[in-house]
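Start at 1 and go down the list; that is how both ligands and their atoms are numbered. Numbering starts at 1 and runs along the sequence shown.
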Amino acid sequence: MAKKLWGTRFGKKTSSLTDKFTSSITYDQRLAKYDILGSLAHVKMLARQGIISQKDGRRIAFGLNSILKEVNGGKFRFDPSAEDIHSNIQELLDKKVGEPAHRLHTARSRNDQIALDTRMYLRNEADSLAGLVAHLQKAIVRFAAANPNIVIPGYTHLQIAQCVLLAHHLLAYVEALERDKDRLFDARKRIDFMPLGSCAFSGTGLATDRNFVKKELKFSALTSNSIDSVSDRDYIIEVLADLAILSVHLSRIAEDLILWSTKEFNFIDIDFSFCTGSSIMPHKKNPDILELIRGSVGKIQGNLSSVIMLMKGLPTSYNRDMQLDKPPLFESIDAVRDILNIFTALFANIAVKGREISEKISDESLFSVDIVEYLIKKGLSYRKAHDIVGRMVRDCLDKGSKISSLSEAELKRYSPQLKADVKKILNAWASVNLKRSFGSTNPKLVRRQLASWKKRLR
Ligand code: ARG
């Protein structure tokens with residue numbers, strides 16, 4: 001049984017039920033490295049300030065470094081009976097260096113220690129996840145650049161709408177992911193405050209130097225209210241919220257690809273290496289990875305709610321409830337990391353079915369807006385043009401005919417402005433080329449966007 005940091009005041013042993021129920025070592029062991037790095041900075045400060053002797057400082061640092069080596073080398077065996085990672089490391093240090101270890105916890109508490117550990121952990125994770133988002137963006141840009149001239153039927157309300165470049169649709173993903181990356185960088189700014197030295201919640205009467213610890217650990221600023229320092233979990237909620245938004249994007253991208261890989265859409269073929277089969281239906285090739293990506297998003301949203309609900313009724317200051325922020329946080333981070341990794345690999349394993357797609361874009365209803373704009377350019381009002389094209393579409397649907405097979409005389413009956421040259425715009429390539437507004441699906445503009453993303457993501 002690990003020793004309790006607070007055991008002396010207790011006249012008797014805690015129940016094993018208490019120990020098991022209150023322990024967080026099964027999950028906060030993930031913070032070991034940061035706990036030790038924080039302690040190393042703290043002990044250096046204590047010795048520098050003369051709060052402990054230089055000699056004790058050196059002994060403690062020696063012990064901590066040797067534990068850190070075990071942690072980094074994956075050799076560290078956590079004590080399952082420890083209350084938490086802080087106690088576990090403290091006890092190990094006691095074993096390694098003896099009496100000087102008793103001075104490490106001077107002028108700090110586990111309340112500010114856990115805030116420090118999670119902030120250091122999240123600073124790293126925010127950077128690392130943003131890096132993985134960038135990898136995914138690059139994979140999408142590569143896929144778009146490999147298929148620059150493919151025009152697909154675009155959808156609104158999941159009903160066939162207008163022609164767009166596949167690359168344009170893909171770059172929509174890149175835009176959304178860019179905002180996700182920005183949000184993580186932005187969260188990092190608020191993570192990057194150093195809370196250690198706030199102690200339990202009121203600060204300390206010892207002559208500490210929090211600024212020194214801040215500089216040692218490369219934080220940009222100090223938290224400036226000791227109560228808020230141990231009370232605040234906004235930075236965790238913020239990361240969870242950022243991951244929740246990011247995961248909604250990932251889920252929607254997955255949904256697009258699931259639809260596109262159906263026989264009904266038939267836009268893409270996902271390589272066998274990224275699909276699974278059916279135990280009963282021999283013909284099946286299922287996009288299970290994409291479905292699991294979509295499915296994982298449920299727990300990522302749930303984890304955000306979990307921590308928000310956890311915090312909402314807590315009195316200001318530290319409460320043990322807050323220990324429970326870690327499992328949801330870690331789960332979301334792990335899930336998003338896994339999704340980003342597999343999604344990046346999957347994007348390199350999709351083939352575009354150009355021939356099948358070109359068969360779908362013969363549906364002339366895709367060009368109705370182009371005909372409306374053709375008439376507007378000839379001076380008709382938007383309303384009038386919309387009515388004319390509406391009538392043409394209705395008649396063609398009723399008769400099962402095509403606009404392109406109407407004679408010049410038939411066209412004229414709809415509007416004297418409607419000439420045979422309108423037929424020239426009734427094809428996918430003409431349709432996308434007619435677009436001119438900034439941000440539209442015009443191939444020249446999309447090519448420019450592709451080039452700019454390639455440069456930005458380099
Ligand atoms: N394990 C706790 C947490 O994750 C930190 C320990 C503080 N415990 C205490 N009894 N003051 O928040």
Side-chain angles (χ1 to χ4, degrees), residues 1-10 12-39 42 71 76 78-94 104-125 191 193-204 223 225-240 303 306-334:
M1 177 75 231
K3 225 169 72 209
K4 304 242 163 44
L5 296 174
W6 38 264
T8 316
R9 187 246 176 277
F10 273 50
K12 63 199 281 194
K13 268 184 64 170
T14 46
S15 149
S16 61
L17 286 171
T18 307
D19 294 341
K20 187 159 186 291
F21 193 71
T22 56
S23 171
S24 53
I25 190 68
T26 53
Y27 48 89
D28 65 15
Q29 54 178 264
R30 173 186 300 230
L31 300 172
K33 175 175 132 192
Y34 305 104
D35 199 73
I36 298 168
L37 291 172
S39 290
H42 181 66
V71 170
F76 190 82
F78 296 93
D79 176 0
S81 74
E83 186 180 357
D84 53 28
I85 187 60
H86 323 301
S87 320
N88 196 155
I89 287 168
Q90 178 66 54
E91 186 166 351
L92 262 172
L93 188 67
D94 285 14
L104 170 62
H105 210 51
T106 311
R108 77 172 186 192
S109 144
R110 286 179 295 164
N111 298 354
D112 54 344
Q113 205 178 341
I114 190 64
L116 176 70
D117 293 3
T118 45
R119 282 176 185 272
M120 287 175 74
Y121 164 77
L122 278 181
R123 225 171 29 170
N124 250 16
E125 288 299 334
I191 295 168
F193 283 76
M194 210 294 292
L196 202 72
S198 303
C199 304
F201 76 110
S202 71
T204 177
T223 57
N225 179 304
S226 60
I227 300 173
D228 181 53
S229 302
V230 300
S231 203
D232 172 27
R233 292 295 181 270
D234 294 0
Y235 56 98
I236 285 175
I237 294 175
E238 195 172 343
V239 169
L240 282 168
N303 289 338
S306 163
V307 178
I308 287 184
M309 298 319 281
L310 172 74
M311 294 302 295
K312 77 172 255 304
L314 296 186
T316 301
S317 182
Y318 180 80
N319 302 272
R320 190 62 175 265
D321 317 44
M322 286 147 86
Q323 169 168 303
L324 300 175
D325 59 0
K326 279 163 226 58
L329 176 67
F330 296 160
E331 186 185 53
S332 283
I333 285 179
D334 290 346

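In terms of the salt bridge (Lys or Arg N to Asp or Glu O under 4.0 Å) criterion, E331 has no residue partners (sequence neighbours excluded).
Taking every heavy atom of S24 and a limit of under 4.0 angstrom, the matching atoms of ligand 1 come to 1 (N). For ligand 1 and D84, the ligand atoms under 4.0 Å from any heavy atom of the residue are 1 (N), 6 (C). Contact atoms of ligand 1 toward R320: 10 (N) (distance under 4.0 Å to a heavy atom of the residue). Atoms of ligand 1 found under 4.0 Å from any heavy atom of K326, numbered from 1 in the order shown, are 3 (C), 4 (O), 12 (O).
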- Message: Evaluate E83 against R110 for salt bridge (charged side-chain N to carboxylate O under 4.0 Å, His left out), listing each step before the verdict.
- Response: CA-CA 11 Å; E83 186 180 357; R110 286 179 295 164; 3.3 Å; yes
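Not a single donor-acceptor pair under 3.5 Å links the side chain of N319 to the backbone N or O of D321.
Nearest protein heavy-atom neighbour of atom 10 (N) of ligand 1: R110 NH2, 3.5 Å. Here the heavy atom of the protein found nearest to atom 11 (N) of ligand 1 is N111 OD1, 2.8 Å.
Here the shortest heavy-atom distance to atom 8 (N) of ligand 1, taken over F201, Y27, Y318, belongs to Y318.
Looking at L104 and S39, their side chains come closer than 4.5 Å, going by heavy atoms from C-beta outward.
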Compile the donor-acceptor pairs under 3.5 Å between side chains in residues 308-316 and protein atoms, sequence neighbours left out, one pair per line.
none

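Residue Q323 places at least one N or O, backbone or side chain, under 3.5 Å from an N or O of ligand 1.
Between the side chains of D112 and Y318, no donor N or O sits under 3.5 Å from an acceptor N or O.
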